[in-house]
Amino acid sequence: WEKALASSDRDLVIESFHNERDSLLSTVLEVISPGHPDFEEAKANAITGRYLLDIKRSGMYKTRGVKQGFKESKVTADGEGYNYYSHVVKLYTVRMAFFRPNRGTRMVAILDERTAFLQSDKFPEHIRKFLTMFNPIERLWELFRQFGPLYGENSAPKRWEDTYAPYLESEDFVRGDNEQSAFYHEVLDLLNLTFVDDNYLDGEEDSIKKGAEIIIDRFDCKELEWVPRDGIPVDYLGMLMSMTPDRTKLSMETYIVNALDILGWSDLKPVATPIRKPIDTSGPPLTPKEATKFHTAQGMIG
């Protein structure tokens, strides 16, 4: 923040901050000032949060208010026995859907909800949460009453699912039993695979448009993004999807190249057999630095 505010982009940075703060105040936060009936309770129980500043690939500044949910007592915050598990579509389900046989004229489009967690149903009345965040423009700490989930909230993914899935079902989408992030609309013959706020829509062009309208009627969304038939790729969950009249292609080349660069392996020579002899289990244990790199590589390969 300090560096960005001292740069020639100061006005853009400040605009980005106020856009995020105003968005939070219009959805899930209320400022608690001295003299407010909840001030002492807020001061005693507030969980800290942070305003994160980032520069998008387009060059635009993006501010995101994030709660440090790991500091919160889960029992106090959401009640004893709260189930935090939330479903996201499995990647093999996406692959099966995208590579469906006899696709014919069926299209694929991606639809994202904007700041989905902020569009979740509000907390029940008995849940009282407070937040404190440092305002980098005014250089002061602010207290807030929190009425709904924020990014960084332990329960945010589950509360979003419990908002979104019932809405789709109320609009005649049938939810999968084994794959609970798959929704099918029989009348439209439309498949919707959901990964938090990323929707993969698969159907005829008119069906996709009608399905998108159903979602947009309830949630603020970005513009519908089509996977064209001219081979131009579209990113979905880090996978580049592309189609031509006679080919369907998925690629993770961009992710793989970035992973090799992060691991310092960009100049390694390819080999036909990655492991050519038994693993040596008698060698010394990895250093902490080596262990960190191992876990990073393991996660990327996964």
Side-chain angles (χ1 to χ4, degrees), residues 16-32 36 38-39 41-54 62-89 111-135 141-171 173 175 180-181 183 192-199 215-222 237:
S16 167
F17 169 78
H18 284 300
N19 286 342
E20 174 67 1
R21 185 177 181 277
D22 292 346
S23 173
L24 294 176
L25 290 175
S26 68
T27 51
V28 297
L29 296 184
E30 175 194 1
V31 176
I32 303 293
H36 190 285
D38 296 332
F39 182 75
E41 183 184 2
K43 195 165 67 169
N45 299 312
I47 302 298
T48 54
R50 302 171 66 190
Y51 289 107
L52 304 181
L53 180 67
D54 196 13
K62 171 67 178 177
T63 301
R64 173 63 58 83
V66 177
K67 183 176 183 177
Q68 294 182 307
F70 62 89
K71 295 183 177 180
E72 192 170 48
S73 165
K74 291 184 177 180
V75 174
T76 303
D78 301 299
E80 190 170 355
Y82 186 88
N83 179 12
Y84 290 92
Y85 182 81
S86 62
H87 298 86
V88 293
V89 69
L111 182 66
D112 295 352
E113 284 89 9
R114 300 181 193 273
T115 55
F117 292 167
L118 303 186
Q119 301 190 59
S120 301
D121 293 336
K122 300 299 185 287
F123 295 142
E125 281 295 322
H126 67 278
I127 291 182
R128 295 177 62 81
K129 296 193 179 190
F130 300 94
L131 182 76
T132 180
M133 292 201 290
F134 185 73
N135 184 322
W141 286 90
E142 294 182 298
L143 276 173
F144 304 94
R145 169 82 187 272
Q146 184 187 342
F147 294 97
L150 278 167
Y151 285 84
E153 186 93 27
N154 292 307
S155 64
K158 178 63 173 172
R159 292 186 187 278
W160 166 250
E161 180 182 348
D162 289 345
T163 300
Y164 194 48
Y167 173 74
L168 291 181
E169 291 178 295
S170 73
E171 295 292 332
F173 280 90
R175 191 175 191 180
Q180 293 199 40
S181 293
F183 298 85
N192 182 12
L193 305 180
T194 62
F195 195 102
V196 190
D197 54 356
D198 292 328
N199 297 267
I215 298 170
I216 293 169
D217 280 345
R218 168 64 175 82
F219 301 98
D220 181 23
C221 299
K222 299 177 183 178
L237 308 182

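- In this structure, Val89 and Phe195 approach most closely via the heavy-atom pair O-CD1, 3.6 Å.
- Side chains of Gln146 and Lys67 form a contact here, defined as non-hydrogen atoms less than 4.5 Å apart.
- Ion pair Arg175/Glu161 flagged as a salt bridge, since at least one NZ, NE, NH1 or NH2 atom sits closer than 4.0 Å to an Asp/Glu carboxylate oxygen.
- Residue Arg114 places its CZ atom among more than 12 non-hydrogen atoms of other residues, nucleotides or ligands, all under 6.0 Å distant.
- Glu20 contributes no side-chain N or O that, together with a main-chain N or O of Lys62, makes up a donor-acceptor pair within less than 3.5 Å.
- Contact check for Asp112 versus Asp197: no side-chain heavy atoms found under the 4.5 Å cut-off.
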Would Leu111 and Phe219 count as a side chain to side chain contact (heavy atoms under 4.5 Å, CB included) here? Give the steps.
CA-CA 11 Å; Leu111 182 66; Phe219 301 98; over 6 Å; no
I would like to know whether Ile215 and Glu113 meet side chain to side chain contact (heavy atoms under 4.5 Å, CB included); could you show each step before the answer?
CA-CA 9 Å; Ile215 298 170; Glu113 284 89 9; 3.3 Å; yes
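- With contacts defined as side-chain heavy-atom distances shorter than 4.5 Å, the pair Leu143/Phe130 does not qualify.
- Residues Asp54 and Arg64 are not in side-chain contact: their nearest non-hydrogen atoms beyond the backbone lie 4.5 Å or more apart.
- Minimum heavy-atom separation, Ile127 to Ala77: CG2-O, 3.7 Å.
- Counting only distance, with no hydrogens or angles, the side chain of Trp160 and the backbone of Val196 share a donor-acceptor pair below 3.5 Å.
- Using a cutoff of 4.0 Å between basic side-chain nitrogens and carboxylate oxygens, Lys158 and Asp78 are not scored as salt-bridged.
- The minimum heavy-atom distance between Ser23 and Leu118, with the atom names listed, is OG-CD1, 4.0 Å.
- Closest approach of Thr194 and Asn199 over heavy atoms only: CG2-OD1, 3.5 Å.
- In this structure, Leu53 and Phe17 have side chains that are not in contact, with every pair of non-hydrogen atoms separated by 4.5 Å or more.
- Note that CG of Asp121 and CG of Asp162 are 8.5 Å apart. Values are rounded to the nearest 0.5 Å.
- Under a cut-off of 6.0 angstrom, the local environment of NZ in Lys122 is crowded, with over 12 non-hydrogen atoms contributed by other residues, nucleotides or ligands.
- Here the CZ atom belonging to Phe134 is positioned 13.5 Å from the OG1 atom belonging to Thr48, to the nearest 0.5 angstrom.
- Panel note: side chain Glu142, backbone Val31; no donor-acceptor pair is recorded below 3.5 Å.
- The side-chain heavy atoms of Phe123 and Pro149, taken from C-beta on, include a pair separated by under 4.5 Å.
- With hydrogens and angles left out, the side-chain atoms of Tyr82 and Asn154 include no donor and acceptor closer than 3.5 Å.
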Chi angles and distances behind the side chain to side chain contact (heavy atoms under 4.5 Å, CB included) call for Asp38, Glu30:
CA-CA 11 Å; Asp38 296 332; Glu30 175 194 1; 5.7 Å; no
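- When each of Arg128, Lys129, Arg145 is paired with Glu41, the salt bridge (Lys or Arg N to Asp or Glu O under 4.0 Å) condition holds for Arg128 and for no other.
- Between Tyr164 and Ser120, the closest side-chain pair of non-hydrogen atoms is not below 4.5 Å.
- Proximity of Thr63 to Asn19: side-chain heavy atoms (C-beta onward) are nowhere separated by under 4.5 Å.
- Ion pairing of Arg159 with Glu153 is absent here, as no side-chain N (NZ or NE/NH1/NH2) approaches a carboxylate O to less than 4.0 Å.
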With side chain to side chain contact (heavy atoms under 4.5 Å, CB included) as the test, would you mind laying out the steps for Val28 and Leu150 before giving the verdict?
CA-CA 8 Å; Val28 297; Leu150 278 167; 3.9 Å; yes
